[in-house]
Participant: 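Just dropping this structure here.
Within every chain, numbering begins at 1; the chains are lettered A, B, ... in the order of the sequence lines, protein sequences first and strands thereafter. Everything quoted here is computed from the prediction, not taken from an experiment.
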Amino acid sequence: MAASTAPPSGMRDFLPEDVRRREYVIGIIKRVYERYGFEPLETPALENLETLLGKYGEEGDKLIFKILKRGVHEITGEADLALRYDLTVPLARVVAEYQPPKLPRLFKRYQIQPVWRADRPARGRFREFYQCDVDSLGSTSPIVEAELCAAVADAMRALGFPDFILRLNHRGLLAEVLTICGVPADRHAEVLVILDKLDKVGLQRVSDEWVSKGGVTAAALEGLRRAFEPLPPNVDSWAKLEQIGDIFKKIGPEPSSIETLRQIRRLTERTAAFDHLTFDSSVARGLGYYTGAIMEVNVADLAGSLGGGGRYDNLVGIFLGQQIPACGFSLGLERILVVMTERGMFPPSLATSPADVMVATFDAAGAGPAMRLAGVMREAGLRVMVYPDPDRIGKQIKYADGRGIPFVAILGEDEINAGTVTVKNLAAKTQQTCRQDGAAAAILEGLSTRG
RNA sequence: GCGGAUGUAGCUCAGGGGUAGAGCGCCUGACUGUGGCUCAGGAAGUCGCGGGUUCGAAGCCCGUCAUCCGCCCCA
C-alpha cells in the first residue's frame, strides 16, 4: 500500500485559507491581551517528562504524549521527554526558573502555542491544538481574576461573540459544600469530575454517577442535589451564591471563598465581563492544580467550553519550593474557529486571493519588463505575482480568475515597445491600456471601488 | 476503551459474481494577444490492505487498517 499522505490522526495541515483564519483570530486575541499589559512568552514543544507527570490528575497523565529515550531505550520503551500537555505547567516551570530581574515580581504573560494530548479525536477535539493562555503570577488579589475575566470577555467581544457566558465558581467553595454534605475529602476529586458534566447530562445522571462511581451515600446525595441543582431560567445566579452563603451561616462562619467571588464580581462592574459573568456552582474543571476561583466560557451552540481557567497558587511552588500565587485563563483556538466558521463570523476581507494583480506575458522577452513592473507595483503597496510560464494568454487569465486575483496586467510586445501595460479587471470584464508607471494607481483605484 | 456506518478517478458518488462507470475538476483543440458559455477529443483507478471461496471477486467470507457518527473524556 502507498504510504498514507494524511497527517497523523487528530492532527491537521493548515492550508492557506485555514492559516488566514487562524491568524485573524490569534491577531485579535493578542491585541486585546496586549492592551491589558500581558507580555508574550514561548516555550519548547517538549518538556522533561517529570515536569509534566502528576500535574493534571490521574486521567491527565495517561494523555501525555511521551517521547522514547534514544538508544537502547527505544526497545525498552523508557521515556524521558514529553510533548507539552498545556501551557500552564510550562509557565510555572519558567517562573520557577527565572527570578527578577529576568522576570518581574508580578508577571503577566500570554502564550499562543500548540499543545498535545493523546486523546481520541472528535468534533472540535484534536490531538494537536492551540491554546491561547493568559496568566498573572505574583498576586493573590481578586483584581487578578477580575482582570482576566475582563480580558477574556474583551477578546470574545472583539471576535464578534455577543452571547457567551462566563461561569464563575471556586474550588474552595466546592470543597466546603462537599464537606458539609458529608463527602469525605478523599472522594472530592471524583465527585467533582462527575459534577463537571452537569450541564451536559443533567442532574439525574450526575446523581446516579455520584452513587455508582463516586461512592456518595444517600444522605450526602440529598445535600448535593440541593447545592447543585440547575437554576430556573430567570433566577439571578448571584442570589444562588447568597443562598449557599446563608446555609453555611446557619452552622458556622461563611467560607472566605464566597466573599472572594463577590469581590471578583464587584471588580468587573465597569468591564466587558460584567454582563456575561454568572455564578455557577457546578463548574468544577478537570485539571488538578486549581486552588481558588475557577471559570469557564461557553456559548449555547457548542457542547463543552470555549475555554477555562482559574487560580492555581501551589503549582509554581512544586517547582520552586516557594509559593508564587497565580491565576490564568485558556481559550481554545480550535473551538473558537469551529463556532466562528459555523456562524460565518469571518470578515469578507479575509477572502482568499494570493495577490491583487498578476502580470501576464507572452514569451521570454517579456520576463524582464514583467519583473520590473511587478517591483514598481509592489512598492506602491500592491500584492503582485508574475505568471512564470509562457502559456497561452487565455490560460494565464483563467488561472488568475480561478485564484480570485482581481486584476491581470498584460505585457505584450506592443505594450513593452510603447512603455505601457494593459490592465484587465476580471470582475468588471473591462480593460484599459495605460503607462506602466500609472498601472498601480489604476489598480488601487479599482480595488477601492470594489468594496 | 465499546457499539454503528463507510472505504471505487483529484473531488462527490453509482455499480452487489462475467471487459471499471457518471457528474464535477484537469489537459488538448475549435479560438496562434484575452477567463466564466458552448462543442469535439484526451489523460487518469492493482475498486483501502492481506488472505480465503470460485473457472472467474470491486462485489461473497475472514482478518486488518483508515475515516466518520454515537458512548466516555477534555480546550
Side-chain angles (χ1 to χ4, degrees), chain A residues 1-10 12 29 56-64 84-88 112-133 152 190 193-194 196-197 200-201 205 209 213 284-288 295-299 302-310 328-339 358 360-363 365-366 387 390-417 420-433:
Chain A
M1 174 170 65
S4 168
T5 52
S9 167
R12 294 149 302 156
I29 293 173
Y56 305 108
E58 219 173 295
E59 274 301 303
D61 278 0
K62 288 186 214 155
L63 298 179
I64 295 172
R84 66 169 168 246
Y85 180 89
D86 71 357
L87 301 177
T88 306
I112 300 173
Q113 286 193 283
V115 303
W116 292 267
R117 295 186 189 176
D119 226 346
R120 183 107 188 272
R123 176 186 135 91
R125 192 175 82 196
F126 304 94
R127 283 152 64 125
E128 176 181 59
F129 61 98
Y130 276 64
Q131 292 192 319
C132 312
D133 273 37
V152 166
E190 227 164 337
V193 167
I194 296 166
D196 209 30
K197 301 180 221 168
K200 267 183 265 178
V201 304
R205 272 194 58 187
E209 280 196 40
K213 285 159 63 180
R285 308 284 307 147
L287 297 175
M295 47 254 191
E296 255 182 45
V297 60
N298 299 76
V299 292
L302 184 82
S305 64
L306 287 180
F329 199 100
S330 177
L331 282 175
L333 178 64
E334 320 304 336
R335 293 190 171 178
I336 288 172
L337 285 162
V338 163
V339 176
M358 187 187 88
T361 57
F362 292 90
D363 48 43
Y387 192 92
D391 285 332
R392 230 181 59 231
I393 198 74
K395 190 172 174 181
Q396 299 189 43
I397 290 171
K398 195 173 172 184
Y399 176 83
D401 190 45
R403 305 295 330 270
I405 299 170
F407 290 91
V408 175
I410 301 169
L411 266 186
E413 202 181 341
D414 300 346
E415 285 90 348
I416 292 168
N417 289 336
T420 60
V421 58
T422 297
V423 174
K424 185 176 175 65
N425 180 330
L426 295 192
K429 291 192 257 193
T430 59
Q431 68 181 47
Q432 54 172 319
T433 300

Participant: Output the single nucleotide from C27(B), A75(B), G3(B) whose closest atom is nearest the side chain of R120(A).
Facilitator: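 Closest of the options to the side chain of R120(A): G3(B).
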Participant: Taking the minimum atom-to-atom distance to the side chain of E334(A), which one of G29(B), A75(B), U67(B) wins?
Facilitator: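 Closest nucleotide among those given: A75(B).
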Participant: Spell out yes or no: do the side chain of R335(A) and the base of C74(B) have one donor N/O and one acceptor N/O closer than 3.5 Å?
Facilitator: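 For R335(A), whose side chain was compared with the base of C74(B), there is a donor-acceptor pair (under 3.5 Å).
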Participant: Taking atom types as they are modelled, would you say the side chain of Q431(A) forms a donor-acceptor pair with the base of U34(B) within the 3.5 Å cutoff?
Facilitator: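 It does, because a donor-acceptor pair links the side chain of Q431(A) to the base of U34(B) below 3.5 Å.
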Participant: When you get a sec, tell me which of G35(B), C74(B), C69(B) is the closest nucleotide to the side chain of R125(A)?
Facilitator: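 So the nucleotide nearest the side chain must be C74(B).
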Participant: Could you measure between the two C1' atoms, the one in U19(B) and the one in C24(B), and give it in whole Å?
Facilitator: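 Those two atoms are separated by 26 Å.
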Participant: Checking T422(A) against E415(A): is there a side-chain donor and acceptor pair closer than 3.5 Å?
Facilitator: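 Yes, because at least one side-chain N or O of E415(A) sits under 3.5 Å from a partner of the opposite role on T422(A).
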Participant: G35(B) P sits how many Å from N425(A) CG, rounded?
Facilitator: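 Answer to the nearest Å: 16 Å.
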Participant: Compare side-chain N and O positions of R403(A) against OP1 and OP2 of G35(B) and report whether any pair is under 4.0 Å apart.
Facilitator: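 Negative; the distance criterion is not met.
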Participant: Look at the side-chain N and O atoms of K429(A) and state whether any lies under 4.0 Å from the OP1 or OP2 oxygen of U34(B).
Facilitator: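 Negative; the distance criterion is not met.
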Participant: Where each residue is assigned the nucleotide of RNA chain B containing its nearest heavy atom, which of L411(A) and S9(A) is assigned the position nearer the 5′ end?
Facilitator: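 With L411(A) and S9(A) compared, the 5'-side residue is L411(A).
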Participant: Please determine, for the side chain of F129(A), which listed nucleotide (G36(B), A75(B), G29(B)) has the closest atom?
Facilitator: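 Between G36(B), A75(B), G29(B), the one nearest the side chain of F129(A) would be A75(B).
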Participant: Looking only at side-chain atoms of R117(A), point me to the closest of C74(B), G33(B), G29(B).
Facilitator: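 Output: C74(B).
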Participant: Judged by each residue's nearest nucleotide on RNA chain B, which is more toward the 5′ side, E296(A) or P8(A)?
Facilitator: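 Residue closer to the 5' terminus by nearest nucleotide: P8(A).
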Participant: Looking only at atom C1', what distance separates G56(B) and C31(B), rounded to whole Å?
Facilitator: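 Straight-line distance between the two C1' atoms is 50 Å.
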Participant: Which of the following nucleotides, G36(B), U34(B), C27(B), is nearest to the side chain of I410(A)?
Facilitator: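 Among the listed nucleotides, the one closest to the side chain of I410(A) is U34(B).
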Participant: Measuring only the P atom in each nucleotide, how far is G45(B) from A58(B)? A whole number of Å is fine.
Facilitator: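 16 Å, rounded to whole Å.
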Participant: Would you call G51(B) syn or anti, using the 90° rule around 0?
Facilitator: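 For G51(B), whose glycosidic angle is more than 90° from 0, the conformation is anti.
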Participant: Answer whether the closest heavy-atom distance between the side chains of K424(A) and I397(A) falls below 4.5 Å.
Facilitator: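 Of all side-chain heavy-atom pairs linking I397(A) with K424(A), at least one is under 4.5 Å.
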Participant: From C-beta outward on K398(A), which listed nucleotide comes closest to its side chain: C74(B), G35(B), C71(B)?
Facilitator: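 In terms of side-chain proximity for K398(A), the closest of C74(B), G35(B), C71(B) is G35(B).
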Participant: Roughly how far apart, to the nearest Å, are C13(B) and U6(B) at atom P?
Facilitator: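 Here C13(B) and U6(B) have their P atoms 13 Å from each other.
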Participant: Would you kindly say whether N298(A) and S305(A) are connected by a side-chain donor-acceptor distance under 3.5 Å?
Facilitator: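 No pair is found: no donor N or O on one side chain lies under 3.5 Å from an acceptor on the other.
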Participant: Once you round it to whole Å, what is the distance between C1' of A75(B) and CG of L87(A)?
Facilitator: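 Going from L87(A) (CG) to A75(B) (C1'), I get 10 Å.
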Participant: Could you measure between the two P atoms, the one in U28(B) and the one in G35(B), and give it in whole Å?
Facilitator: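 These two P atoms come out 14 Å apart once rounded.
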Participant: Look only at the side chain of R127(A) and the backbone of W116(A), and say whether a donor-acceptor pair between them is shorter than 3.5 Å.
Facilitator: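 It does not hold such a pair.
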Participant: From C-beta outward on K424(A), which listed nucleotide comes closest to its side chain: G3(B), G35(B), C27(B)?
Facilitator: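 The closest nucleotide is G35(B).
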Participant: U8(B) and A57(B): how far apart are their C1' atoms, nearest whole angstrom?
Facilitator: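 Roughly 14 Å separates the two C1' atoms.
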